[in-house]
2 protein chains.
Amino acid sequence: MAWERGGLPLVKRRASLGEEAADGAAMEHTGRGNDIESHDGSVLDGPAMETDSSGLSDVKEPLLRKRNRNTTSQIAVVGANVCPIESLDYEYYLAFAAFAGCNLILATFAAGICAYIAPAAAGSGIPEVKAYLNGVDAHSILAPSTLFVKIIGSICGVSAGFVLGKEGPMVHTGACIANLLGQGGSRKYHLTWKWLRYFKNDRDRRDLITCGAAAGVAAAFRAPVGGVLFALEEAASWWRSALLWRTFFTTAVVAVVLRTLIEYCRSGKCGLFGQGGLIMFDISSTAITYSSSDLLVIIVLGVIGGIFGGLYNFLLDKILRTYSIINEKGAPFKILLTMVISLLTSCCAYGLPWFAKCTPCPVGLQEQCPTIGRSGNFKSFQCPPGHYNDLASLLLNTNDDAIRNLFSGGTGNEFYISTLFIFFISVYFLGLITYGIALPAGLFIPVILAGASYGRIAGTILGPMSDLDTGLFALLGAASFLGGTMRMTVSLCVILLELTNDLPMLPLVMLVLLVSKTVADSFNKGVYDQIVKMKGLPYMEAHAEPYMRHLVAEDVVSGPLITFAGVEKVENIVHALKLTGHNGFPVIDEPPFSEAPELCGLVLRSHLLVLLKGKRFTQHRVATGASELCRRFGAFDFAKPGSGKGLKLEDLEINEEEMKMYVDLHPITNTSPYTVVETMSLAKAAMLFRELGLRHLCVVPKSMGRHPIVGILTRHDFVGRIVDIYMPSDKEKNRHKGYAFVEYENEETAEYAVRLFSGLVRLYGKIVRFSMSGQDKPSQNIGTPVTPKTNSTALPRPHYVHGKEVETFQGLAQLTDCRSSAYTHQVTPVTPLPNVPRPYPPHATEMAMFPDSPQSINCRVSAYTHSSPGSHQASARGFVGNGVSSSNFDYSRRGLGSALSGGNRSDFQHPVVYPPYPRFR
Amino acid sequence: MAWERGGLPLVKRRASLGEEAADGAAMEHTGRGNDIESHDGSVLDGPAMETDSSGLSDVKEPLLRKRNRNTTSQIAVVGANVCPIESLDYEYYLAFAAFAGCNLILATFAAGICAYIAPAAAGSGIPEVKAYLNGVDAHSILAPSTLFVKIIGSICGVSAGFVLGKEGPMVHTGACIANLLGQGGSRKYHLTWKWLRYFKNDRDRRDLITCGAAAGVAAAFRAPVGGVLFALEEAASWWRSALLWRTFFTTAVVAVVLRTLIEYCRSGKCGLFGQGGLIMFDISSTAITYSSSDLLVIIVLGVIGGIFGGLYNFLLDKILRTYSIINEKGAPFKILLTMVISLLTSCCAYGLPWFAKCTPCPVGLQEQCPTIGRSGNFKSFQCPPGHYNDLASLLLNTNDDAIRNLFSGGTGNEFYISTLFIFFISVYFLGLITYGIALPAGLFIPVILAGASYGRIAGTILGPMSDLDTGLFALLGAASFLGGTMRMTVSLCVILLELTNDLPMLPLVMLVLLVSKTVADSFNKGVYDQIVKMKGLPYMEAHAEPYMRHLVAEDVVSGPLITFAGVEKVENIVHALKLTGHNGFPVIDEPPFSEAPELCGLVLRSHLLVLLKGKRFTQHRVATGASELCRRFGAFDFAKPGSGKGLKLEDLEINEEEMKMYVDLHPITNTSPYTVVETMSLAKAAMLFRELGLRHLCVVPKSMGRHPIVGILTRHDFVGRIVDIYMPSDKEKNRHKGYAFVEYENEETAEYAVRLFSGLVRLYGKIVRFSMSGQDKPSQNIGTPVTPKTNSTALPRPHYVHGKEVETFQGLAQLTDCRSSAYTHQVTPVTPLPNVPRPYPPHATEMAMFPDSPQSINCRVSAYTHSSPGSHQASARGFVGNGVSSSNFDYSRRGLGSALSGGNRSDFQHPVVYPPYPRFR
């Protein structure tokens, strides 16, 4: 401990924080670092040696001297203008107060705008962008206000010295700007451009936002190819070669612009912007030779990275859940939390370096040491001239410089292992606790910092076994930790390559990423996936869940529908729009327009509103046809509006007389909706839904003579809370044992399902019994019963929804026909209670529910969540209701009557009173 | 001209080809290059200066001296063992004879094995791999014999000094090896591995082959990330994140193995293998500063690259079409063609350097100059010691060294502009004429060589305007030409980055790729797409063709089907299998198994064969169920066999008695086939088909009471020969003018369609008239009549089908119901004669065919190609018939009764005699 050696109380000592050397004078000390070390004790006993322009008059200088510039505080080095905080010079605690105070002010300001103006701007933003590109348009996630707060908040957050990155926010920023362009500007702020309206359809807008995300990465890491790959691997859910080309174009422009700006800033007039040139952490100079024994070391590093990464994700999940309880209490609590974290961070950054020893500057350096007056590699902190504090060089520095320090080659002795250890621990945990606060906060930088530090630790320990440089170990450590948390592969590889310009290391980076991802994948999911899930966004995975194989479409499709006739009374339409929040309605042609009732297609809510607004009604039930419509409307009237900008039901003014009139829906009906037969395997329906990026999938009856549509499948039917279905079969008798296990995501859901269905399902005259598995009927002598996991913390709502009136869902179950059928599937479809109202979080439990029956049984029991009328805008209800309504991802052609999908979520006509579902707080 | 200066006839001069210096001795001359230049005349008059171990005893050496090693012939430097060809030393023409002779022998051998053993091994292989991954299993394209010939042929081809690359063949090799693994080894060669049978389904096998292709690129360019991106951007048609991960894993392993081997070969014991290390053309040392004026130069370079690339593709197409006429005449002609090209190449390589001046070696080189005794940058050829021939250094060198020469930085004066020009012209055209011959030939190297040379020319000319090095210009030229021909973006970028380790150049490379791709795309398609199309492989594009928007599924689906009952008579099944080559048949459940006839699902031909082979027949019409089947068959009995390895119809031995029995098809029926309604837009059906990677798509009737299946759509229905449909409408009367234009890919097709339908289609009592547009009815006062393009060269069959009995298709058209309907589509569906039997190549023409009718008309006229019974294996018929049958891309789960799609192509029951379709020679 540094201050025990000197024997003087620290607060009395001159604040080396404010220490200054006129340009380059400190250089002279580097040559005599060893001399100084030998008088270590005396130097610390007396007044600290003074370094000024003369450079030699050590002891005679006054103890307290006013400095013109403050140098090493983080607030001072971030940004071009160094702000002189004069009080820093006098006392350590005053210095700390100024340091922490500035940080606190910045943090409070950032948290304030974040909490009050745009709560959606908190966090990385990558999960939200990812979910948006999957088809989930969460409330105001790409709004102009979010953009504003994201930019300002991110600058303040980074300046405030938090352990957070700017990369995630930049991705979000890019996506926000793209969204703004795609909507033709912001109508609210009177910034609209007509020529941008060609993006008024789903696919182009989605492409644009993907390009925005790619541009964000390209700008953040100065990695144009990495940006393309990030967009491909992590952000986008659908990918086409045209999109590849578009993102490539975007990032190429980014690269050229960046290059030009860096060229312009070469003289240093843009603060830290130009630092590092286009390659931020160039370590290409290090010669690399590695042998096969190094590979073993690298694999070990990968394993460690995987374990740390998995742990990181686990802890982050826990911390986010805890935080969201605090955040939900209101904006002041959010700000308070941010302030606490800010103080904690300041304490760590300012306090921990006292534990580090002063190290004499290395001999023969090109660089200034200690670095004073600018950001740099060697911070003097409390150390005498010619010495530097290695921990301060990492902690009390910009993140970029800290990374540069860690990655630097040939500097194996610059950082003590204890320093690195302290740094690793503090960054690992500060990174964890910083992410959830009300600030734009990226994960890349904390992860790279932590990874690089343990990589360097490993390098120092394993150094004798390996020829590799400790700087390379740091890079590999960063790669392993990134792989362990984010679980990307190719994009990380290329981003790291473009960050460090270290092509010969590529095979090693690939190897370490492979290992760490593999190891971490055995623990949990990637951090972004985890956050998406925790926020309750109904993200559709690329693959169908295993349980879906046991179900058919009919099993999950919900009840009777609201359908329209081809020529419908205005009153009925208005009523249906008022009553439900559905976004699509099937149109059924009935005689005289067709011989028998047949499915004509789907109309979208937004198109209906436009049509009603146009008021081309007829007195009688006649088809007016498309030409009439073409005269009345332009193609862009039906174009997709920006989120939250479409017509509202309240905008319509329809009088009593008009209510009794008719309107021809044919011209706006999508006559080619995708359909599946009711007996279609749910897994295959899910594939269809996912691969084509649908919003509505019509389920049609298999047999003739029934109503031409059974129901509509939406996203929610595929992201149910069932984890797995297991139906043990008796191998001797070759039939099912008569019971089955349904695993839900959490215990609450399972309990609710048990309460819901108990006593209601009858098969073969027996009432089916439902119970929690392993609770009242222990294990039942089953082959492989899944043991229920019982860590059931009550799960809070996602924290970004805070500050809004949150509509909670009404569980409404519908018990329709139970019929038995003899399927010839190899795995026979089983009744799975698929759609129990979905609470938020993941847990596991099971239930036995089958009577002994020789035949397999197909019993349709479905329940669904209903959203209240008029709430068709994506509101802050997590995934309940139609939060996904505003972004419609199907392949719609532009213009009139050609939207490709649309349809409505089921209606309820026989409401049964069920036990209320427990709300989560 | 060099030989005019000396005054001596060249043939008399000592063969400097055989000149040799004991290791490193020539180094001593580099210092006195200038001295030698001053005595230029005298040196050439007297006997050539001799360079041996002493290095100074110039003039006294005998004129003719036997050498131990031959050094500069291409055959001598490719491969580890330098083969001494003694005669080379004596006379120039003998040297040429030996050089050309060796080349010829190698070329003949390679062409021989290629022509006789595996014609499919000719060419790059990338188009075929691309088509395979799209779902087209062309004959023996991934067979073990192809693999063998590809490897040997590629080695011989490169050694024979052709202007061709090894990269494409390596991709193909990788795919072949992957296919071999995926099939569980080769049964034919008794190499089978049981543990590999988990790849016995379509998707895993496809993934494996994608990985193989990625590994090929990774190994060829030593570019692991480039390999992943190549597989993503160019090879694969379907992409999932799991595939990304798998390819990444593969290329990481490739990188580590490569790295290890290069480490092992560092001492030079592996010939040229280790050269360049992991980065083949490292130019990272060049310092790069570029200004905005350079950007303009680079854009110009991109434009030039785009133009050259477009021209290259155009010429290549023409040349390939010419060659395939020759290649079709038989294997001897193929070999002859190869021999001619080989001689021509030898003449160029040996003859053209005589036109180049001798250049004195640059002063102060690290390297040996002229390079003797090994491959290197400076070839002396006919030049005196201390001089080198710059054209020989490019032409009479390995391709790798030539690229290294061109990319080398700081060597602006090493190559004369005339030399570069000659080199560019010769490489450009040699590359063009080399590709189509019967040899494994990659396109990358010729394109890089040509691009780099014109880049260097541009650099030399534009040098004064730009700060960039000529080596960088060469790199940018190569990038622009690659972009112009191959039209890849991200993958090329990364491959070039990994080839050259030149990260700071990345923005420039991106820019140049952008420009060149954009320019070239305005001319024609990428070279691989063009070759795929020219080979007649039914490649499905990612997007639906524009004409499909005007059609519905019913318009293209073909006639009555062969369907099976749920429990079918064995006789009927065998008969159907014999009669047709269809790969899937719909199963219709009829009473008593269901209330009304309903679609049960699809059975695949291969599964039917397995079932019939199992002989579990019943005497009566009863459903035996799945349990019976499970007892008889294992899950792997129904697994997808390797191409050409499944059961054949001839393998079945069913006696008369068994023929009368019944078999239950339910257990092997895929009960969840994807279906579309007959009125579904064809564009949307195509999207469904393409995105889900289907083979069969059932079309079901819209209205009740009809047969439960209308037909089945297969790949061929989506890759028809119609280019566009144009239906002019009268804007005043707001109705269609009563005629329409259908544009076919070539004139023959259109003519055939006219002959086929003339007099057969009746609407409203009138016979519809069909004629070639602009032929008998000039322009008709139409808004925008498409003028027919009339360059109708008779198009040969793809050359790789040579040497096999080719089944030609039988055009069979079916005129079913013509009915009029009032659609509410904005663009009304029109009758398009969609399925005229498809000849191979693309051309354009139109036909008017509509009578004046106020209503839009939907007239179903369909024609289809029928493949003869038993020919269900992919045969060498281009895209006709079911050439795509053996690789089934749907998302089948492994095992029993769960293949997801299958169905049959239409049957013919009312054959009408039509004019025979003209065969193409």
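With sequence neighbours excluded, the residues that form a salt bridge (charged side-chain N to carboxylate O under 4.0 Å, His left out) with B:D529 are B:K130. Among residues two or more places apart in sequence or in another chain, the ring-ring contact (aromatic ring centres under 6.0 Å, His included) test is passed with B:F248 by none.
Both the backbone and the side chain of A:V490 come within contact range of chain B, each with at least one heavy atom under 4.5 Å from a heavy atom of that chain. Using a 4.5 Å cut-off between heavy atoms, B:L497 contacts chain A through both its backbone and its side chain. Heavy atoms closer than 4.5 Å to chain A are found in the side chain of B:L506, but not in its backbone. In this structure, chain A has no heavy atom under 4.5 Å from any part of B:T247.
B:K702 places a side-chain N or O within donor-acceptor distance of the main-chain N or O of A:L599, the cut-off being under 3.5 Å. A donor-acceptor pair under 3.5 Å links the side-chain atoms of A:K684 to the main chain of B:S672, judged by distance alone.
The CZ atom of B:R259 sits 7.5 Å away from the CG atom of A:L508 when rounded to the nearest 0.5 Å. Taken to the nearest 0.5 Å, the OG1 atom of B:T489 stands 12.0 Å off from the CZ atom of A:F249. Atoms CG and CE, from B:L692 and A:M687 in turn, are 6.0 Å apart once rounded to the nearest 0.5 Å. Atom CG of residue B:L232 and atom CG of residue A:L229 lie 8.0 Å apart, to the nearest 0.5 angstrom.
Checking each of B:T500, B:L499, B:N501 against A:L503 for a side chain to side chain contact (heavy atoms under 4.5 Å, CB included) leaves exactly one that passes, namely B:N501.
B:T679 has its side chain out of reach of A:T671: every pair of non-hydrogen atoms, C-beta onward, lies at least 4.5 Å apart. Side-chain atoms of A:K517 and B:W245, non-hydrogen and from C-beta on, do get closer than 4.5 Å to each other.
The choice from A:V256, A:L244, A:T675 that makes the most heavy-atom pairs within less than 4.5 Å of chain B is A:L244.
Closest non-hydrogen pair, B:P673 versus A:M680, comes out as O-CE, 3.5 Å.
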